[in-house]
Amino acid sequence: MPRQVDHAGRRRLIAEAVCRIADERGLEGVTLRDVAARAQVSMGAVQRCFHTKEEMLVFTLEQIGERIGERVRARLVESPAQSAGTALGHAATEVSLLREEHRAEARVWLAFVAQAAVSEPLARTLTANYASLQEAFTRLITEAVEGADHAASLDPRREARTLLALADGLTAHVLIGHLTARQAHEVLDAHLAGLWERPARPPHHPNGSPGTR
């Protein structure tokens with residue numbers, strides 16, 4: 001009987017090869033021939049899995065997003081007793097890719113972000129990834145401030161967008177050496193502390209300051 005091919009497994013194997021090459025040379029260095037050699041499969045096998053290079057890149061980006069998302073979810077269920085604020089800090093740290101073991105993944109992620117500026121399929125994939133993370137952040141912020149004095153004046157969705165943008169920016173700042181990982185953690189911790197400790201805003205009076213008529 002002919003040997004059955006694990007199509008899904010081969011696609012993941014090829015995606016890992018794309019990541020390794022992208023880490024070394026950037027996405028401009030990714031070719032079907034080099035990917036086949038790195039994955040130790042034939043060119044025909046790569047082309048049977050992906051009709052175009054762009055399709056291969058989109059799948060690879062989806063795999064990276066799923067891997068980051070899985071780590072975020074794992075941190076959220078790691079300790080059911082942790083507060084929503086603590087869980088949010090863990091999740092934001094995972095998204096920032098600040099740990100040394102995630103440095104290669106951070107380089108590849110930013111390479112895809114740059115390419116997405118000129119690739120609509122990659123941009124759609126990134127947008128979906130960000131939307132999923134933003135929803136998770138929004139839920140955690142809503143839970144964390146529930147019952148707090150300033151809860152009514154805080155917009156969880158806006159704060160989630162801000163936190164996600166900060167986490168993504170810290171990835172780049174650490175990679176280029178503007179910040180150390182320790183400094184990036186300090187920035188993230190300070191932002192989160194400010195979020196929980198924010199004083200309540202006075203009611204808005206469109207016709208003047210409070211107490212005026």
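- Between the side chain of Thr171 and the backbone N or O of Ser96 there is at least one donor-acceptor pair closer than 3.5 Å.
- Look at Glu16 and Arg12 and you find no salt bridge, because none of the NZ, NE, NH1 or NH2 atoms lies under 4.0 Å from a carboxylate O.
- Annotation for Phe112 and Leu126: closest pair O-CD1, 4.1 Å, computed over non-hydrogen atoms.
- Here the side chain of Ser132 pairs no donor or acceptor atom with the backbone of Ala128 at under 3.5 angstrom.
- Put simply, the side chain of Arg67 does not reach to within 4.5 Å of the side chain of Glu62, judged on heavy atoms.
- Distance check: Asp168 CG to His173 NE2 gives 10.5 Å after rounding to the nearest 0.5 Å.
- Side-chain contact between Met43 and Leu32: present, with at least one pair of heavy atoms (C-beta onward) separated by less than 4.5 Å.
- In this structure, the separation between CG on Leu192 and CD on Glu159 is 10.5 Å, given to the nearest 0.5 Å.
- Ring pair Phe50/Phe59 is tilted by interplanar angle, where 30° to 60° counts as tilted.
- Annotation: side chain of Thr162 is not in contact with side chain of Leu195 (no heavy-atom distance under 4.5 Å).
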Please assess Thr31 against Asp34 for the test side chain to side chain donor-acceptor pair (under 3.5 Å), listing each intermediate value before the final yes or no. CA-CA 5 Å; Thr31 67; Asp34 287 344; 3.3 Å; yes
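- Within the 4.5 Å cutoff, no side-chain heavy atoms of Glu186 are placed close to those of Asp189.
- Glu24 and Arg38 are joined by a salt bridge, as a carboxylate oxygen and a charged side-chain nitrogen come within less than 4.0 angstrom of each other.
- Within the 4.5 Å cutoff, no side-chain heavy atoms of Leu98 are placed close to those of Arg182.
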Pair Glu105-Arg71, salt bridge (charged side-chain N to carboxylate O under 4.0 Å, His left out): steps then yes or no: CA-CA 13 Å; Glu105 190 173 56; Arg71 288 204 300 266; 2.5 Å; yes
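- Residues Cys19 and Thr60 approach most closely at SG-CG2, 3.6 Å, considering heavy atoms.
- Looking at Arg103 and Glu100, a side-chain N of the basic residue comes within less than 4.0 Å of a carboxylate O on the acidic one, giving a salt bridge.
- For Arg139 and Glu143, the salt-bridge test passes: some basic side-chain N is under 4.0 Å from an acidic carboxylate O.
- Taking every heavy atom of both residues into account, Leu13 and Ala39 meet most closely at CD2-O, 3.5 Å.
- The closest side-chain heavy-atom distance from Leu97 to Leu170 is not below 4.5 Å.
- Using a 4.5 Å heavy-atom cutoff, the side chains of Val18 and Val108 are not in contact.
- Ile14 places a side-chain heavy atom less than 4.5 Å from the side chain of Arg10.
- A 6.0 Å sphere centred on CD of Gln40 holds no more than 12 heavy atoms belonging to other residues, nucleotides or ligands.
- Between the Ser119 side chain and the Gln115 main chain, no donor and acceptor come within less than 3.5 Å of each other.
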